[in-house]
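These notes are about the structure you will find just below.
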Number of protein chains: 2
Amino acid sequence: MENATGNAQESQLKLSNFLCFAIYSTANAVTRAYQPRLAALGLTYPQYLVMVVLWEQENQTVKAIGDKLSLDSGTLTPLLKRLETAGLITRRRNTVDERQVLIGLTNEGRKMRERAEAVPVAMGQAFGCSMDEAQSLRSELITMRDNLVASIGETK
Amino acid sequence: MENATGNAQESQLKLSNFLCFAIYSTANAVTRAYQPRLAALGLTYPQYLVMVVLWEQENQTVKAIGDKLSLDSGTLTPLLKRLETAGLITRRRNTVDERQVLIGLTNEGRKMRERAEAVPVAMGQAFGCSMDEAQSLRSELITMRDNLVASIGETK
DNA sequence: ACACATTAGATTGCACACAATTTAATTGTG
DNA sequence: CACAATTAAATTGTGTGCAATCTAATGTGT
């Protein structure tokens, strides 16, 4: 920075810039790295995340899936429709509360889980770090994410 | 491979899942957290990144900007056209090499830099971590990103 | 019971990301 | 010099993300 005065604020300004960009560009790289490994399953990375959530527990509402993935219905509704068209999930209204749509797995969707087991194994190698490093990095990111989410509320 | 395999496969499988999701969801949170702070400038987060690159150096090719942000012309061309329509940048063919498009700043785009100085300061607080933490987290992410990028090449 | 607020999803509109393809300009090689 | 290979942008098509809005169903307070 050509007009730098060397004060702390100036360098922090750049630092926070680079941290956010490190997160942003790494996230893009994650999606790109998953793509060839998910191609065999015919899934995108966000679709894969939804399937992981459903493999852990079937018959969740769109809202519940959205809470777990921090995605809203504007993102999930079309994504879920594509998974339904692909024959992997079912969508049906909850008879108890007609506002809700319950997302379930088809036999094909349930069966895909076995083939999907290989994906995280390959990705673990792609990340190229130890489990301890991954664990600590993960917890640092979650902390930061929660800080960011909290800061958004303060701007409203 | 430095990762444990065998019966540890189950936990590693989950672990790498959660790490990638931590990156993914934190990146989404970054974009959402920037949004209210960039609204005053009328910029999106990716547009802001492009402006930061141009504030550091004017008259870069689309390719050079793409290399710095890891974005291709399919993303940048429409984004740059929006910045041009907003009166912030200029686009002109390089007379030396007619394949290239040089991106410059308008006076308005140059002037926006002053107002933009407040953004990273506010975001530094939103991240809620020390400069040391941010610095180490940043370098860990960059290392992992480079590992991921390298792994993509191996799948081709 | 009834007006009002709240909630869950769907829809619309806009802006990325990125693969794949196309076009035009430049470079490398014989 | 010729011409194939390479390069830089633009274009096309698909799939997210998310704000804003809409509809329908549920909750609530008096």
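On a predicted model such as this, the values are computed, not experimentally measured, just so you know. Throughout, a chain's letter reflects where its sequence line sits, starting with A, and its residues are numbered from 1.
Spacing between atom CD1 of A:I65 and atom P of D:dT16 amounts to 14 Å, rounded to whole angstrom units. One atom, CD of A:Q35, and another, P of D:dT16, lie 12 Å apart when rounded to the nearest Å. Distance OH (B:Y34) to P (D:dA19): 17 Å, rounded to an integer number of Å. Atom pair B:Y24:OH and C:dC16:C1' shows a separation of 13 Å (rounding to whole Å applied). Taking atom CZ on B:R82 and atom P on D:dA10, their separation rounds to 13 Å, with Å as the unit. For A:N28 and C:dA15, the CG to C1' distance is 14 Å, given to the nearest whole Å. Regarding A:K63, its NZ atom lies at a distance of 17 Å from the P atom of D:dT26, rounded to whole Å. Computed from coordinates, the B:L76 CG to D:dT11 P distance equals 14 Å when rounded to whole Å.
For A:D72, the side-chain atoms get nearest to D:dA19 when compared with the rest of C:dA19, D:dA9, D:dA19. Side-chain proximity of B:T77 to the nucleotides C:dA8, D:dA10, D:dC18 is greatest for D:dA10. When distances run from any side-chain atom of B:T75 to the nucleotides C:dA17, D:dG15, D:dG17, the shortest one goes to C:dA17. Considering only side-chain atoms of A:Q47, the nucleotide from D:dG15, D:dA9, D:dG17 that sits closest is D:dG15. Across C:dC18, C:dA15, C:dT11, the shortest atom-to-atom separation from the side chain of B:L71 is found for C:dC18.
Using cut-offs of 30° and 60° for the angle between ring planes, the A:Y45 and B:Y24 rings count as perpendicular. The aromatic rings of B:Y34 and B:Y48 are tilted relative to each other, their planes meeting at an angle between 30° and 60°.
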Verify side-chain contact (heavy atoms from CB on, under 4.5 Å) between A:L80 and A:E84, making sure each step is shown before the conclusion.
CA-CA 6 Å; A:L80 292 169; A:E84 185 184 33; over 6 Å; no
Given side-chain contact (heavy atoms from CB on, under 4.5 Å), test B:L71 with B:I65 step by step and report yes or no.
CA-CA 8 Å; B:L71 297 172; B:I65 297 171; over 6 Å; no
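Under 3.5 Å, the side chain of A:S73 and the base of C:dA8 form no donor-acceptor pair of N or O atoms.
Note on B:L79: only backbone sugar-phosphate atoms sit closer than 4.0 angstrom, heavy atoms only; bases stay farther off. If you check every strand for non-hydrogen atoms under 4.0 Å, A:T61 touches sugar and phosphate atoms only. As judged by a 4.0 angstrom heavy-atom cut-off over every strand, A:S25 is placed among residues making no nucleic acid contact.
Nearest-nucleotide positions on DNA chain D for A:T31 and B:G74 put B:G74 closer to the 5' end. Of the two residues contacting DNA chain C, namely A:P78 and A:A29, the nearest-nucleotide position lying further toward the 5' end is that of A:P78.
Distance CD/A:Q60 to CG/A:L102: 9.5 Å, rounded to 0.5 Å. Note that CG of B:L54 and CE of B:M112 are 12.0 Å apart. Values are rounded to the nearest 0.5 Å.
Taking only side-chain nitrogens and oxygens, A:K81 comes nearer than 4.0 Å to OP1 or OP2 of C:dT11. Checking the phosphate oxygens (OP1, OP2) of C:dA17, no side-chain nitrogen or oxygen of A:R32 falls inside 4.0 Å. Between A:Y45 and D:dG15, a side-chain N or O to OP1/OP2 separation shorter than 4.0 Å is absent.
Side-chain N or O atoms of B:R113 include none that pairs as donor or acceptor with a backbone N or O of B:G109 at under 3.5 Å.
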Going by atom type alone, with no hydrogens or angles, which donor-acceptor pairs under 3.5 Å involve a side-chain atom of residues 25-32 of chain B and a protein atom two or more places apart or on another chain?
unit_1: B:S25; atom_1: OG; unit_2: A:R145; atom_2: NH1; d: 2.7
unit_1: B:S25; atom_1: OG; unit_2: B:F21; atom_2: O; d: 2.9
unit_1: B:T26; atom_1: OG1; unit_2: A:L141; atom_2: O; d: 3.4
unit_1: B:T26; atom_1: OG1; unit_2: B:A22; atom_2: O; d: 2.5
unit_1: B:T31; atom_1: OG1; unit_2: B:A27; atom_2: O; d: 3.3

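Less than 4.0 Å separates DNA chain D from at least one heavy atom of each of the following residues of residues 91-105 of chain B: B:R91, B:R93, B:R99, B:Q100, B:V101.
Checking C:dG30 for Watson-Crick or G-U wobble geometry (two distances, each under 3.5 Å) identifies D:dC1 as its partner.
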